[in-house]
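Quick caveat: nothing in here was measured; it's all calculated off a predicted structure. We count residues from 1, following the sequence as given. Remember, it's 1-based here, ligands and their atoms both numbered in the order they're listed.
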Amino acid sequence: MKEEHDVKEALGMEFAAWQNFFAEQGEPQYRSQQVCEWLYTKHAVSFEEMTNLSKGLRARLEERVAFHLPALEEDVVSRDGTRKFLWRLEDGETVESVLMKHHNRMTACLSSQVGCSLGCAFCVTGQGGFRRNLAVHEMVGQFLAMERVLGEPVNNLVFMGMGEPFLNTSHVLQSIRQLQHPRMRGLGIRHVTISTAGILPGIRQLAASGLDVRLAVSLHAADGRLRSQLMPINNTYPLQELMGTLYTYQEQTGNRVTVEYLLLGGVNDRPDDARRLAGLLSKLKVFVNLIPCNTGVEGFQPPTKKAQDIFRNVLQTRGFEVFVRTERGGDVDGACGQLRERRSSGKTKRGSRKG
Ligand code: SAH
Ligand code: SF4
């Protein structure tokens with residue numbers, strides 16, 4: 001019988017936890033490496049498959065360690081190759097992950113929460129409210145389950161799916177430690193990014209963690225009043241304090257910060273908005289990602305191509321490195337939260353479905 005208080009989840013255990021587990025079992029230390037190889041490289045879905053462990057040891061693992069992977073509910077492939085997954089968790093909740101291909105590099109976009117409490121005006125996930133935080137094994141599980149479906153390794157990871165990673169910081173950081181650990185998944189350093197709406201304690205915690213993770217900040221407005229209208233979190237952590245925290249973060253880590261700026265037609269896309277953004281960022285080393293918004297939430301639409309070009313030019317002529325994120329997976333509910341929202345409201349949409 002698994003007792004409630006000491007049931008561990010296989011994908012929620014750090015390497016040291018495996019070492020302790022096998023030490024307690026009187027097993028040699030290399031067992032940790034063997035099990036982690038099955039979990040993180042060979043994509044096992046049960047202890048039963050781990051044939052280089054004795055039957056007795058597999059039985060003890062079954063008894064003492066739970067092993068859950070997210071169950072594939074839906075897998076949609078977009079015309080541009082973006083692939084979107086909807087997973088069902090043990091308690092019946094669903095979350096999304098997205099796989100994107102850029103210049104032959106695969107990037108996995110993971111969710112950190114079921115829903116989100118921050119209620120940004122333009123975001124489908126935000127409109128649906130918050131359900132719960134994801135556990136470590138549910139985030140590691142999204143990544144490994146995607147690799148398993150894909151049949152090849154994914155080498156980049158962003159926390160840019162549903163939810164606010166810095167309202168679930170300890171679980172998110174532990175997932176990253178596991179996926180980066182050389183004896184677990186061994187994800188390359190500098191290949192992980194956390195995107196935050198600007199939760200200052202989380203940014204400070206990341207800086208102090210010493211983890212090699214890139215930081216992306218969803219700014220979306222360079223004016224405090226407008227930002228508060230779009231992102232209510234700006235009332236708790238106002239723009240000026242956010243900027244102060246980013247300066248400190250940069251001093252501590254030396255890392256460039258990615259600034260995400262959603263382009264919302266008629267809302268924040270005028271040349272004046274671009275000049276204000278340039279002014280705000282003048283003392284920070286940044287990459288700027290401009291994201292023409294998806295049309296998921298009523299009242300918001302992307303700017304014209306011309307307005308996008310003008311906005312980008314204002315920044316580029318002031319020396320900023322700017323990328324315009326082309327809309328990806330638009331035909332398969334590309335912005336996170338939309339696939340789940342469509343499922344729960346019973347709407348249907350075109351796209352090739354698998355699984
Ligand atoms: N909560 C974190 C990370 C998840 S949101 C954050 O806000 O940064 C991930 C990204 O999805 C954010 O950059 C957000 O701006 C973007 N997003 C939300 N709604 C969108 C929409 N309608 N169109 C395009 N991107 C959207
Ligand atoms: Fe939450 Fe990010 Fe959506 Fe805002 S944009 S509601 S922070 S998921």
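- Protein N/O/S atoms nearer than 2.8 Å to atom 4 (Fe) of ligand 2 total 1.
- For the side-chain contact (heavy atoms from CB on, under 4.5 Å) test, residues two or more places apart in sequence or in another chain that qualify with H181 are F15, R183, M184.
- Heavy atoms of M231 come nearer than 4.0 angstrom to ligand 1 in no pair at all.
- Heavy atoms of S112 stay at 4.0 angstrom or farther from ligand 1.
- Residue G163 places a heavy atom under 4.0 Å from ligand 1.
- Residues V314 and L284 do not share a hydrophobic cluster, clusters being chains of Ile/Leu/Val/Met/Phe/Trp/Tyr side chains in contact below 4.5 Å.
- Around the CZ atom of R318, the shell of radius 6.0 Å holds more than 12 heavy atoms that belong to other residues, nucleotides or ligands.
- Only side-chain heavy atoms of E260 come within less than 4.0 Å of ligand 1; its backbone N, CA, C and O stay farther off.
- A salt bridge (Lys or Arg N to Asp or Glu O under 4.0 Å) with R58 is found for exactly one of E48, E63, E27, namely E48.
- Contact atoms of ligand 1 toward C293: 23 (N), 24 (C) (distance under 4.0 Å to a heavy atom of the residue).
- Each of the atoms 18 (C), 19 (N) of ligand 1 lies under 4.0 Å from some heavy atom of C123.
- When heavy-atom distances to ligand 1 are checked against a 4.0 Å cut-off, H220 comes that close only through its side chain, counted from C-beta outward.
- Remark: the R31 side chain and the N52 side chain contain no N/O donor-acceptor pair separated by less than 3.5 Å.
- Rounding to the nearest 0.5 Å gives a distance of 7.5 Å between OG of S170 and CD of Q205.
- Applying the side-chain contact (heavy atoms from CB on, under 4.5 Å) test to R105 and every residue at least two apart in sequence or in another chain returns N156.
- Ligand 1 has no atom lying under 4.0 Å from any heavy atom of V297.
- Under 4.0 Å from ligand 1, the heavy atoms of T196 that appear belong solely to its backbone.
- Taking every heavy atom of A197 and a limit of under 4.0 angstrom, the matching atoms of ligand 1 come to 6 (C), 7 (O), 8 (O).
- Listed by number with element, the atoms of ligand 2 under 4.0 Å from a non-hydrogen atom of G163 are 8 (S).
- Defined by atom type and a distance below 3.5 Å, a donor-acceptor pair is missing between the side-chain atoms of E96 and S111.
- Side chains of S97 and W87: a donor-acceptor N/O pair is present below 3.5 angstrom, by distance only.
- Counting atoms of ligand 1 from 1 in the listed order, those under 4.0 Å from a heavy atom of G161 are 4 (C), 5 (S).
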Let me check something: any side-chain donor-acceptor pairs from residues 206-214 under 3.5 Å, sequence neighbours excluded? List them with distances.
{"from": "S209", "atom 1": "OG", "to": "L206", "atom 2": "O", "distance (Å)": "2.7"}
{"from": "S209", "atom 1": "OG", "to": "L211", "atom 2": "N", "distance (Å)": "3.1"}

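- When only interatomic distances are considered, the shortest N/O to N/O separation between F122 and ligand 1 falls below 3.5 Å.
- Using a 4.5 Å cut-off on side-chain heavy atoms (C-beta onward), L281 and L219 make contact.
- Interatomic distance, E260 CD to T196 OG1, rounded to the nearest 0.5 Å: 9.5 Å.
- At a heavy-atom distance under 4.0 Å, atoms from both the backbone and the side chain of N294 approach ligand 1.
- Every atom of ligand 1 with a heavy atom of E164 under 4.0 Å away is listed here by number and element: 1 (N), 2 (C).
- Shown are H171, Q178, R177; of these, the side-chain hydrogen bond (donor to acceptor under 3.5 Å, both in side chains) with Q174 is made only by Q178.
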